[in-house]
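Predicted model, so just to flag it, every value in this text is computed and none were measured. Quick note: residue numbers are just sequence positions, from 1.
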Amino acid sequence: MISVIIPTYKSPDALDLCLRSAITGQQNKNQIIVVVDGFYDLNKDVLDRWKDSIDILNLETNQGLCKGTNLGVYNAKYDKILIVNDDNVFPRFWDTTLEDDWEDGAVITPNQIEPYPSMFKQFIIEDLGRDPKTFNLDAFWLFDYHYASGDKKEETGSTLPIFMSKLDYIRLGGWDENYELGMVADWDFFLKCSLSGLKMIRTWNCHFYHFVSLTTMTPEKEQQRKFSELNGHEYAKYKWGSYIKHNSETNCKYII
């Protein structure tokens, strides 16, 4: 059994599709934790729709992606945890597929399908929809079925979603809550995983769909995002003594 942690903020349409795919696509009755990081009323209709199949962790106020994710993991009742963003769509039979790929001492990354060109060379680029309201879940499941390859794995993980041991996550300290808006926190965490000796495995046995960006970025919001990312890199340099680097071939995160 798996405990799924889904932090959410202000994207009820994406959350609704995310939950529909997770709940109807699972073969077992897993624990699905939705961490509501503020704006509960905005998400209330969606949460009410799926309330019998999910656990709701209401933070009441916006406390940030990193803290929200950590609190979600602390409330997981199973050791196998899956951390997924709310703008992801689950493939059919995701739970048993990932269970088959489980390895002790590893962080398992299911590959992703995205509609836009990506910096991650392993992703499949295919525009299956850019709007959760009109997204065809059955068509995505069929696409994933044809592209799934149960025998293909590489040590090119280091992207979300991640499937790993709760004990390993806590042992590493989880997401560092000092990163503003969560920017660079994932790189920081993957670096900690690598330095601790965990294997960063990517599997093509199933794929998650990722919408990439559902928020209209005004010039002001884009400037804020870039500023937060810059601050994240500067904090990483302060913390590690060097900027965190990204190997575009292996996705490995490293410091010089």
Any chance the side chains of W240 and D188 put a donor and an acceptor closer than 3.5 Å? yes
Short side-chain donor-acceptor distance under 3.5 Å, N111 and Q122: no
Indicate, with yes or no, if the rings of [X] and [Y] have centres closer together than 6.0 Å.
X    : Y    : value
Y209 : F90  : no
H246 : F190 : no
F143 : F140 : no
W102 : F163 : yes

With side-chain contact (heavy atoms from CB on, under 4.5 Å) as the test, pick out the partner of Q31 among L82, D55, I5. D55
With I54 as partner, the option from I23, I33, V46 fulfilling side-chain contact (heavy atoms from CB on, under 4.5 Å) is I23
Main chain of [Y], side chain of [X]: is a donor-acceptor contact present, judged purely on distance under 3.5 Å?
X    : Y    : value
K253 : N251 : yes
N58  : V35  : no
D95  : N28  : yes
N247 : T250 : yes

Clusters formed by hydrophobic residues whose side-chain heavy atoms approach within less than 4.5 Å: which one holds Y116, and what are its other members? V212
Share the residues that join Y145 in a hydrophobic cluster, the rule being Ile, Leu, Val, Met, Phe, Trp or Tyr side chains under 4.5 Å apart at the heavy-atom level. none
Would you sort out whether E155 and K199 count as a salt bridge (charged side-chain N to carboxylate O under 4.0 Å, His left out), showing the intermediate values? CA-CA 7 Å; E155 291 198 36; K199 291 194 295 182; 5.3 Å; no
Here's one to test your reading of the geometry: is the NZ or CZ of K10 within 45 degrees of the ring axis of F39 and under 6.0 Å from its centre? yes
Taking all non-hydrogen atoms of both residues into account, name the closest pair between F189 and G174 and its distance. CD1-O, 3.4 Å
Would R202 and S158 count as a side-chain hydrogen bond (donor to acceptor under 3.5 Å, both in side chains) here? Give the steps. CA-CA 8 Å; R202 179 176 302 277; S158 298; over 6 Å; no
Ring-plane angle category for Y235 and Y179, please: parallel below 30°, perpendicular beyond 60°, tilted otherwise. perpendicular
Step by step, would you call D79 with K166 a salt bridge (charged side-chain N to carboxylate O under 4.0 Å, His left out)? CA-CA 5 Å; D79 181 60; K166 174 181 177 178; over 6 Å; no
